[in-house]
Undergrad: 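I have a structure here, written as structure tokens, and I will follow up with some questions on it.
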2 protein chains.
Amino acid sequence: MTDTATKILDVGQELIQTRGYSAMSFQHIAGRVGIKKPSIIHHFPSKATLGVAIIRRYRDTFTSQLDAIKKNPQTSAWEALDFYFSPYLHFAQTPDTVCLCGALAGEIPALPEEMRLEVKQFMEDHQSWLEGILQNGRRNGELTFSETPARLARMLFNTLQGTLLVKRSTDDLSQLNDVIKVIKRMLK
Amino acid sequence: MTDTATKILDVGQELIQTRGYSAMSFQHIAGRVGIKKPSIIHHFPSKATLGVAIIRRYRDTFTSQLDAIKKNPQTSAWEALDFYFSPYLHFAQTPDTVCLCGALAGEIPALPEEMRLEVKQFMEDHQSWLEGILQNGRRNGELTFSETPARLARMLFNTLQGTLLVKRSTDDLSQLNDVIKVIKRMLK
DNA sequence: GTCTATACAAAGATAGAC
DNA sequence: GTCTATCTTTGTATAGAC
């Protein structure tokens, strides 16, 4: 992966997270990377290819981090959850930024098929990781709740994504903090 | 409001809810209404004007219905909540459809300022309506919860919006039903 | 690996005939 | 109120020089 290719991925990802995939253009990327439009094609032959590469890199980063946490028996359920919340808190403080896959979910019908599959995989990975954390946490007595872990995990995930979505229009950055507090109390 | 103008609003709204504002074009609308592109301009002088008209109509429909419920002392908190959930359940069963303002929230930075304000107003109206329902419900003993009504209302609203968003990529239509069950148990 | 030049399609919008 | 014709901009993508 060359330096330029990495920069293209960085800028492209930021544009999707702030303005959406439809509004992300080679023109804008080129301008901010400091090259011309057709130079991007040399690294990524089409917009769909670039889109897939951006999601896959994003997914991979999460996958390796979440796997590491899950495999470490030292990590408590609360620590795991706090780790999971941290990127959302980061996004919440950055104006106009949402989760990459949350942004893409908003325009699913406008995405090429390969990208849709990547987004779906992201959602399922995260919901299933959360389910595991909830399940273990309840088993060892750390967490308390009466729902099934699967149902609760999906609700938590959807809530986090929805809060990022809504905070962007209300510009109320404290919403996510409040929501995380409510979530934590639900699990005590 | 002429017949054609209404049709334009209908088709435009559906396109935003399924494909997003950026992907909604005069071309597509004209094709489905059965007129030519420039004829739309006669009814709505610009895309932004059309966008604002679509949101405002959507907001007004909700506002009058939610107001009626709030003012009717016969309505229990549970009935009010069930009424509020019903459009979400409807959207959840319609493939690729989300709440109009949820869809627009996904592309806030790409929207003209006037539209952004309308979306923000929608979010605030709904969160504040829910807050009122929760507050009254707790006061008269129907509902039980320990959060502040404002915080809980925002969380519920964000959860519903997030669930519609996520179901679109996972194609798992049962998610919303499950989430509503969890919400209801939280309030008992 | 990056450039200029260009092809081609689709977008929002305007002018003016009917 | 709707049309045809046209303008302008912006988008993705290609060809070929350097």
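Within every chain, numbering begins at 1; the chains are lettered A, B, ... in the order of the sequence lines, protein sequences first and strands thereafter. FYI, side chains are in, hydrogens and waters are out, and symmetry mates aren't considered; it's all heavy atoms of this structure. As the structure is a computational prediction, the values presented were derived from the model and not from experiment.
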Undergrad: Heavy atoms within less than 4.0 Å of DNA chain C: which residues of residues 9-17 of chain A have one? Give them sorted by number.
TA: none

Undergrad: Run the side chain to side chain contact (heavy atoms under 4.5 Å, CB included) test against A/Arg139 and tell me which residues pass, sequence neighbours left out.
TA: A/Gln135, A/Asn136

Undergrad: Can you pull the ring pair (Phe, Tyr, Trp, His ring centres under 6.0 Å) pairs that have at least one residue in residues 15-38 of chain A, sequence neighbours excluded?
TA: none

Undergrad: Give every residue pair that meets the ring pair (Phe, Tyr, Trp, His ring centres under 6.0 Å) criterion with at least one member in residues 37-57 of chain B, sequence neighbours excluded.
TA: none

Undergrad: Between protein and nucleic acid, restricted to nucleotides 10-14 of chain C and to nitrogen or oxygen atoms under 3.5 Å apart, what atom pairs and distances do you find?
TA:
unit_1: C/dA11; atom_1: OP1; unit_2: B/Ser25; atom_2: OG; d: 3.2
unit_1: C/dA11; atom_1: OP2; unit_2: B/Gln27; atom_2: NE2; d: 3.1
unit_1: C/dG12; atom_1: OP1; unit_2: B/Met24; atom_2: O; d: 3.4
unit_1: C/dG12; atom_1: OP1; unit_2: B/Lys47; atom_2: NZ; d: 3.2
unit_1: C/dG12; atom_1: OP2; unit_2: B/Phe26; atom_2: N; d: 3.0
unit_1: C/dG12; atom_1: N7; unit_2: B/Lys37; atom_2: NZ; d: 3.4
unit_1: C/dG12; atom_1: O6; unit_2: B/Lys37; atom_2: NZ; d: 3.4
unit_1: C/dA13; atom_1: OP2; unit_2: B/Lys47; atom_2: N; d: 2.9

Undergrad: Using side chain to side chain contact (heavy atoms under 4.5 Å, CB included) as the criterion, list what pairs up with B/Glu118, not counting sequence neighbours.
TA: B/Val52, B/Ile55, B/Arg56, B/Arg59

Undergrad: Quick check: does any side chain N or O of B/Thr2 sit under 3.5 Å from a backbone N or O of B/Ala5, one acting as donor and the other as acceptor?
TA: yes

Undergrad: Check the side chains of A/Glu107 and A/Ser22 for a donor-acceptor pair under 3.5 angstrom, ignoring hydrogens and angles.
TA: yes

Undergrad: According to ring-ring contact (aromatic ring centres under 6.0 Å, His included), who are the partners of B/Phe91, at least two apart in sequence or on a separate chain?
TA: none

Undergrad: Mind running a 4.0 Å heavy-atom check of residues 105-118 of chain B against DNA chain C and sending the residues that fall below it, in number order?
TA: none

Undergrad: By side chain to side chain contact (heavy atoms under 4.5 Å, CB included), which residues pair with A/Ala23, not counting sequence neighbours?
TA: A/Arg19

Undergrad: Tell me every residue that passes side chain to side chain contact (heavy atoms under 4.5 Å, CB included) with B/Gln74, counting only those two or more places apart in sequence or in another chain.
TA: B/Asn72

Undergrad: Which nucleotide span of DNA chain D, 5' end to 3' end, has atoms closer than 4.0 Å to non-hydrogen atoms of chain A?
TA: D/dG11 to D/dT14

Undergrad: For the residue pair A/Gln17 and A/Gln13, confirm or rule out a side-chain donor-acceptor distance under 3.5 Å.
TA: yes

Undergrad: Considering residues at least two apart in sequence or located in another chain, which fulfil the salt bridge (Lys or Arg N to Asp or Glu O under 4.0 Å) criterion with A/Asp10?
TA: A/Arg57

Undergrad: Under a 3.5 Å distance rule, please check whether B/Arg168 uses its side chain to pair with a backbone N or O of B/Thr18 as donor and acceptor.
TA: yes

